[in-house]
Amino acid sequence: MPWYKDVIHHKEELIAIRRHLHLHPELSFQEANTAEYIANYLTTLSIPVTRNVGGNGLYGVIKGKLPGPSILLRADFDALPIQDEKEVPYKSQVPGVMHACGHDGHTAMLLITAKILTSHIEEIKGTVILCFQHGEEVLPGGAKSMIDAGILNGVDYVFGTHTSSNLNSNAVSFITGPSYGFADAFTIDVKGLGGHGAAPHTTHDAVVAASFLITQLQTVVSRGVDPIETGVLTIGEFKSGNAFNVIAETAHLSGTLRTYDKDIKAQMVNNIKDIISGIEKSFNVHIELNYTDGYPALINSENETLWLKDLSERIEDIESVEEGIPTLGGEDFAYFLQERPGCYFNTGVRNEGLKASFPHHHPRFDMDENGLLNGVRIFVQLVEHMNELK
């Protein structure tokens, strides 16, 4: 009998773990109690655990009795600074903090996967690294520090999943190639010369300069990026002035740049700098750009993605295996995929009847926990057949 059939026997525990984590969320880089909970669970399964990997990260190792590749399965476990507005028994008990992105579900899936795999250790062909990653939500992220600490030493392939509130809970989806984009951030500070609103000729108006700058920045994509390619530049913040009759001396902007291609990213950044230089000369102001590189683009390797999709289609309990739609959101699993081939797939958790249809990062985000069973099924199916990877 396929190993994934074992999953249904652990449904209640899977849900209980997810709800425990939902009740007790911890912010990025502050996840000490969550890491301890995970470590204790793995220890009860007699899985050796290595803690404090690159921070609060940790991993367990399951060595099969038969030769084969080494794969890493990853789950993240940090929460967000959002007040939980759901009225459910498992509502967050931490004011202003909640699991609004499904990381509690990610961790629950991997813990139950570990439990199932321990009952098949005699049949496992290779080694499974159970990676529990801290700090995904906040730059610089936890993935890179765990990699720097050596978690990928000896690893051949990497796999992970993200719950999706856009995908029904009877479905999973796969994307070959670019899946998540570069997620960079920037601030722009404009320094002019303030003065009286009745005497603009004696000033260098930061508001006017910043306004023209925002308008010009719209051409970075519309006139600077091939229409066949993908790029986004968004200004999300504009702050200036504090009185109706005072011409502001300073203005502050912040925004984000997104694309899948590093060359397009470099081109967009250069265009931003050129536009800033022109605005400085035109309005006699000084402009300072502070640019922060976010997570790199997440690119699934073709061979491993198609292989895992095919394996998923063999799981009769999953009703729909779909082609996913790329997003320009950021995801630091990209760092793992820069180092090793693998796949990051989507596990559907949407169910409007259960009010599980709010987007990620929403204060009423929730999930149909039945969808988590499919994520476990795929992880288990993957391990049962991982000797097929070539």
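No experiment lies behind these values; they were computed from the predicted model shown. Heads up: numbering here begins at 1 and tracks the sequence.
- Contact annotation: the side chain of Q381 never approaches that of V383 to less than 4.5 Å [non-hydrogen atoms, C-beta and beyond].
- When only modelled atom types and interatomic distance are considered, D78 and H99 share no side-chain donor-acceptor pair under 3.5 Å.
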- Derivation and outcome, salt bridge (charged side-chain N to carboxylate O under 4.0 Å, His left out), residues K265 and D293: CA-CA 10 Å; K265 169 183 166 174; D293 291 310; 2.8 Å; yes

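- Proximity of the aromatic rings of H20 and Y37 is defined here by a centroid distance below 6.0 angstrom, and this criterion is met.
- Without hydrogens or angle criteria, R350 side chain to S165 main chain gives a donor-acceptor distance under 3.5 Å.
- Between the H196 side chain and the T202 main chain, no donor and acceptor come within less than 3.5 Å of each other.
- For the atom pair CD1 (I235) and CG (L213), the distance works out to 7.0 Å, reported to the nearest 0.5 Å.
- Using modelled atom types, one side-chain atom of R258 and one backbone atom of L328 make a donor-acceptor pair closer than 3.5 Å.
- Side-chain N or O atoms of S164 include none that pairs as donor or acceptor with a backbone N or O of N346 at under 3.5 Å.
- Formation of a donor-acceptor pair under 3.5 Å by the D261 side chain with backbone atoms of I264 is found in this model.
- The aromatic ring centres of H204 and F283 sit 6.0 Å or more apart.
- Side-chain contact annotation: H22 with K86, donor-acceptor N/O pair under 3.5 Å present.
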- Task: Check step by step if salt bridge (charged side-chain N to carboxylate O under 4.0 Å, His left out) holds for K125 and E384.
- Result: CA-CA 8 Å; K125 299 181 178 73; E384 182 176 5; over 6 Å; no

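- Counting heavy-atom neighbours within 6.0 Å of K5 NZ, excluding the residue itself, gives a total above 12.
- T203 contributes no side-chain N or O that, together with a main-chain N or O of A199, makes up a donor-acceptor pair within less than 3.5 Å.
- In terms of modelled atom types and a separation under 3.5 Å, the side chain of E280 and the main chain of G278 share no donor-acceptor contact.
- There is no side-chain donor-acceptor pair under 3.5 Å between T347 and T163.
- The environment of CZ in R19 is crowded: more than 12 heavy-atom neighbours from other residues, nucleotides or ligands sit within 6.0 Å.
- Of the possible donor and acceptor atoms, one in the side chain of Y260 sits under 3.5 Å from a partner among the backbone N and O of T327.
- Not one N or O on the side chain of N300 forms a donor-acceptor pair closer than 3.5 Å with the backbone of T176.
- V221 and I214 end up in the same hydrophobic cluster when Ile, Leu, Val, Met, Phe, Trp and Tyr side chains are linked at under 4.5 Å.
- Taking the six-membered ring where the residue is Trp, the centroids of Y344 and F333 are separated by under 6.0 Å.
- A side-chain donor-acceptor contact under 3.5 Å links S240 to the backbone of T250.
- Taking the centre of each ring, F77 and H106 stay at or above the 6.0 Å mark.
- Taking the six-membered ring where the residue is Trp, the centroids of F182 and Y295 are separated by 6.0 Å or more.
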- Given F336 and I151, is the side-chain contact (heavy atoms from CB on, under 4.5 Å) satisfied, shown in steps? CA-CA 10 Å; F336 290 104; I151 194 170; 4.1 Å; yes

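- Contact check for L130 versus L42: side-chain heavy atoms found under the 4.5 Å cut-off.
- Between the side chains of Y291 and D184, at least one donor N or O lies within less than 3.5 Å of an accepting N or O.
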